[in-house]
Amino acid sequence: MLHTEQARAVRFDRYGGRDVLYIAEVPIPRPAAGEVLVEVRAAGINPGEIGIRTGAMHERYPGTFPSGQGSDLAGVVTAVGEDVTDLQVGDEVLGYSWRRSSHATHVVVPAEQLIHKPGGLSWAVAGALYVAACSAWAAVDAVDPRPGETVAVSAAAGGVGTITVQLLALRGVHVLGIASAANAGWLRDHGATPVPYGERLAEDLAAAAPEGIDAFIDLFGPDYLQLAVDLGIPRDRIETIISFEKAKEFGTKAVGSVEASNRKVLTEMAELVASGRIEIPIAATYPLDRVGDAFAELERRHTRGKIVLVP
Ligand SMILES: NC(=O)c1ccc[n+]([C@@H]2O[C@H](COP(=O)([O-])OP(=O)(O)OC[C@H]3O[C@@H](n4cnc5c(N)ncnc54)[C@H](OP(=O)(O)O)[C@@H]3O)[C@@H](O)[C@H]2O)c1
């Protein structure tokens with residue numbers, strides 16, 4: 001049968017800057033057994049996609065060209081493959097692709113990588129959930145904080161950070177949120193003590209936690225692992241989702257979203273957000289055609305919460 005309908009998808013054919021990104025007209029993919037086709041309503045963007053596109057993460061995540069892009073997604077199921085019993089055409093879902101493909105109007109994904117979107121969750125928030133929320137869950141789980149403990153978090157107001165600090169606060173933890181002054185109010189309103197980064201950071205952290213810091217979650221880069229070690233925090237209570245080499249060198253933890261990529265964690269996080277116990281700030285939404293502008297904003301590294309494509 002002649003299939004004339006087309007999908008639109010972000011593509012790039014070589015490593016490079018934002019200028020290598022383009023929108024391709026492609027056939028609407030068809031779900032194989034165990035998969036479903038989702039018409040995408042929202043798809044979050046993440047810093048890891050910059051590393052993959054530029055080649056900076058070549059060792060860990062080599063590019064294959066032409067490449068699609070994107071993991072986070074939320075949308076409506078429009079076709080169901082054989083053997084899929086728990087999702088139907090018309091279902092509103094959220095979840096993830098591991099095929100670099102969610103930045104598109106249509107995406108095929110294994111059914112087991114989707115959950116039903118809770119009512120009350122906006123498309124933008126649902127589409128922004130996966131990478132940030134599962135990373136936050138994994139990072140908090142890695143340091144396993146007890147109520148009353150003090151945990152410091154770097155990049156506390158970013159995509160992963162905003163969720164991490166709220167998860168910690170829900171556990172009764174005293175959270176030290178490391179961010180610029182622009183995010184101090186937001187952090188205070190969400191249960192954290194803001195601490196500005198800069199030359200006085202070590203002194204300011206010590207002043208904010210006179211009885212000591214029990215654990216450190218690094219969401220920004222290797223200097224923070226060095227700082228955590230210098231502060232005398234036990235190495236098995238220092239976690240990073242980004243500084244993998246440094247973590248190996250120091251013998252600290254490095255657990256990321258992959259370890260928490262399952263329906264159980266995704267459902268728990270979606271329910272926390274849908275019930276209002278965790279807020280995911282949406283910094284901006286962009287149409288698919290402006291994917292380059294969306295990444296220009298993310299690359300400034302001062303996003304509060306998430307940036308989302310709305311195809
Ligand atoms: N391993 C994994 O599974 C995994 C998953 C997700 C993300 N990651 C990685 O984790 C990192 C965080 O991701 P994200 O999505 O949260 O990033 P993001 O949203 O781009 O983070 C932005 C935040 O970084 C803060 N920031 C900027 N300069 C800073 C500094 N010098 N010190 C401390 N904070 C600073 C900003 O705060 P101000 O505006 O206040 O400056 C802003 O709120 C990225 O490197 C990403 O690649 C890894």
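Atoms within each ligand, like the ligands themselves, are counted from 1 in listed order.
- In this pair, Y15 and F65 present their aromatic rings perpendicular. The plane angle is above 60°, beyond the 30 to 60° band.
- Ion pair R263/D86 flagged as a salt bridge, since at least one NZ, NE, NH1 or NH2 atom sits closer than 4.0 Å to an Asp/Glu carboxylate oxygen.
- Taking the six-membered ring where tryptophan is involved, the planes of Y96 and W98 are tilted, since the angle between them lies from 30° to 60°.
- In this structure, ligand 1 sits under 4.0 Å from heavy atoms belonging to P47, G48, V131, S135, A155, A157, G158, G159, V160, A179, S180, N183, Y197, L219, F220, Y224, I241, I242, F244, G256, S257, L298, R301, H302, T303.
- Residues satisfying the salt bridge (Lys or Arg N to Asp or Glu O under 4.0 Å) criterion with R8, sequence neighbours excluded, are E25, D289.
- T285 contributes no side-chain N or O that, together with a main-chain N or O of L309, makes up a donor-acceptor pair within less than 3.5 Å.
- Distance alone, capped at 3.5 Å, is enough to place a donor-acceptor pair between the S102 side chain and the D72 backbone.
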